[in-house]
Amino acid sequence: MEEHIIKDGKYRYIEFGEGAPMIILHGLMGGLSNFHGVTDYFPDKGYKVLVPELPIYDMPMLKTTVKNFAKFLEEFIEYKGLKDVILLGNSLGGHIGLLHTKMFPEMVKALVITGSSGLYESAMGDGYPKRGDYEFIKKKAEDVFYDPKVATKEIVDEVFATVNDRMKLVKTLAIAKSAIRHNMSKDLPKMQTPTCIIWGKNDTVTPPNVAEEFHELLPDSDLFWIDKCGHAPMMEHPEDFNTILEAWLEKRGF
């Protein structure tokens, strides 16, 4: 992925294909590469797929909030001259997508959330401050997936480096607190944007009842399950994820 990154002003992003714009929003511990199943598939199906690097660790401490990430996303959309975007977010990325859609509904044609925060936050900052213990971090990373083998050494090393960087750790906890403050249960019933909810049946970070609650609260939503799957369906079962999403986009005429 690194070789495809476009550096443009204050933005770093990857972009593939032409057509309806689909913007992918990564999570707190997730990099751009988590979505290569999606970025490899959808450009051939008539979508322009963009993955901006969110400034999770680059904003001043007081601005490290879900709301400021949603504003950053809006600035990126305007900078790229896009409209009628499809937002696809995992974990914190889903929360940013939800909040952006609430703040700028006219910009978003459709929303796709998977393992999203926004309703249930206890997992985000839970237990991370155990620095220096590689085995603990490895176990934490493996717990994100149904199949622990998906947590490659590369993924574990990246998380380990993050939690052992004091500033990044402090910001991670600040984001977790901000996510709790930005609970969206009261906002969701007013949001009319068509939403596709794709969830792992075995997600222990944001358990299945969270998906059911999103489905219940969002007026125009469809809920799909992927079996033997944890918190990151697009990484663990990319083919199933793409099949579900493509069928939904087709059915909805997006």
Side-chain angles (χ1 to χ4, degrees), residues 1 14 16 22-45 47 49-51 54 86-98 101 110-121 123-124 140-152 154-156 158-159 179 184 188 193-218 221-252 254:
M1 278 290 178
I14 49 180
F16 299 106
M22 180 188 289
I23 300 179
I24 297 175
L25 305 164
H26 60 80
L28 192 54
M29 294 283 177
L32 307 191
S33 60
N34 292 8
F35 286 91
H36 68 78
V38 178
T39 56
D40 289 351
Y41 186 81
F42 281 95
D44 293 341
K45 305 286 177 185
Y47 296 90
V49 179
L50 304 106
V51 193
L54 299 169
I86 298 160
L87 295 180
L88 191 176
N90 172 237
S91 200
L92 174 71
H95 198 164
I96 294 166
L98 283 157
T101 302
L111 184 58
V112 185
I113 57 173
T114 175
S116 179
S117 61
L119 287 176
Y120 171 85
E121 265 53 73
M124 280 190 68
K140 272 284 189 193
E142 288 174 349
D143 286 349
V144 168
F145 306 102
Y146 175 78
D147 176 2
K149 289 198 288 293
V150 181
T152 57
E154 190 188 358
I155 288 170
V156 177
E158 203 176 312
V159 176
M184 297 198 63
L188 299 178
T193 306
T195 306
C196 178
I197 305 165
I198 305 176
W199 224 263
K201 265 196 176 156
N202 312 87
D203 187 342
T204 57
V205 181
T206 43
N209 61 298
V210 179
E212 283 160 2
E213 199 177 328
F214 271 120
H215 182 38
E216 220 168 275
L217 291 171
L218 283 159
S221 63
D222 297 294
L223 172 57
F224 303 94
W225 298 104
I226 297 181
D227 207 9
K228 296 186 176 165
C229 179
H231 187 54
M234 71 290 156
M235 285 175 79
E236 206 162 357
H237 293 284
E239 285 171 13
D240 293 346
F241 186 89
N242 290 342
T243 302
I244 290 168
L245 179 52
E246 186 182 14
W248 185 81
L249 291 167
E250 211 165 276
K251 185 180 164 209
R252 293 295 194 118
F254 299 141

Side chain to side chain contact (heavy atoms under 4.5 Å, CB included) assessment of L88 paired with L25 = CA-CA 6 Å; L88 191 176; L25 305 164; over 6 Å; no

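Here H237 pairs with nothing under the side-chain hydrogen bond (donor to acceptor under 3.5 Å, both in side chains) rule; sequence neighbours left out. S221 is linked by a side-chain hydrogen bond (donor to acceptor under 3.5 Å, both in side chains) to H215, counting only residues two or more places apart in sequence or in another chain. Here Y47 pairs with F42 under the ring pair (Phe, Tyr, Trp, His ring centres under 6.0 Å) rule; sequence neighbours left out. Scanning for side-chain hydrogen bond (donor to acceptor under 3.5 Å, both in side chains) contacts around E213 gives an empty result, with sequence neighbours left out. For Y146, the side-chain hydrogen bond (donor to acceptor under 3.5 Å, both in side chains) criterion is met by no residue, not counting sequence neighbours.
For residues 221-232, the pairs satisfying salt bridge (charged side-chain N to carboxylate O under 4.0 Å, His left out) are D222-R252, with sequence neighbours left out.
Two residues are said to be in side-chain contact when any heavy atoms from C-beta on lie closer than 4.5 Å; T114 and F241 meet this criterion. Looking at V156 and T152, their side chains never come closer than 4.5 Å, going by heavy atoms from C-beta outward. Residues F254 and P194 are in side-chain contact: their nearest non-hydrogen atoms beyond the backbone lie under 4.5 Å apart. Using a 4.5 Å heavy-atom cutoff, the side chains of M235 and F145 are in contact. Proximity of T195 to V112: side-chain heavy atoms (C-beta onward) are nowhere separated by under 4.5 Å. Between L50 and M22 the shortest side-chain heavy-atom distance does not fall below 4.5 Å. A 4.5 Å side-chain heavy-atom check between M184 and L217 finds every atom pair outside the cut-off. A heavy-atom distance below 4.5 Å is found between the side chains of E236 and D147.
With no hydrogens or angles considered, no side-chain donor-acceptor pair links T204 and H231 at under 3.5 Å. Checking Y41 against E239 by side-chain atom types alone, no donor-acceptor pair falls below 3.5 Å. Between the side chains of T206 and D203, at least one donor N or O lies within less than 3.5 Å of an accepting N or O.
Here the shortest heavy-atom pairing between S117 and F214 reads O-CZ, 3.7 Å. Of all heavy-atom pairs between P43 and F16, the closest is CG-CB, 3.5 Å. In this structure, S91 and G27 approach most closely via the heavy-atom pair CB-CA, 4.3 Å. The nearest pair of heavy atoms linking P233 to W199 is CG-C, 4.2 Å.
The CH2 atom of W248 lies 9.0 Å from the CD1 atom of I198; values are rounded to the nearest 0.5 Å.
Of the possible polar contacts, one joining the N242 side chain to the G37 backbone as a donor-acceptor pair under 3.5 Å is found.
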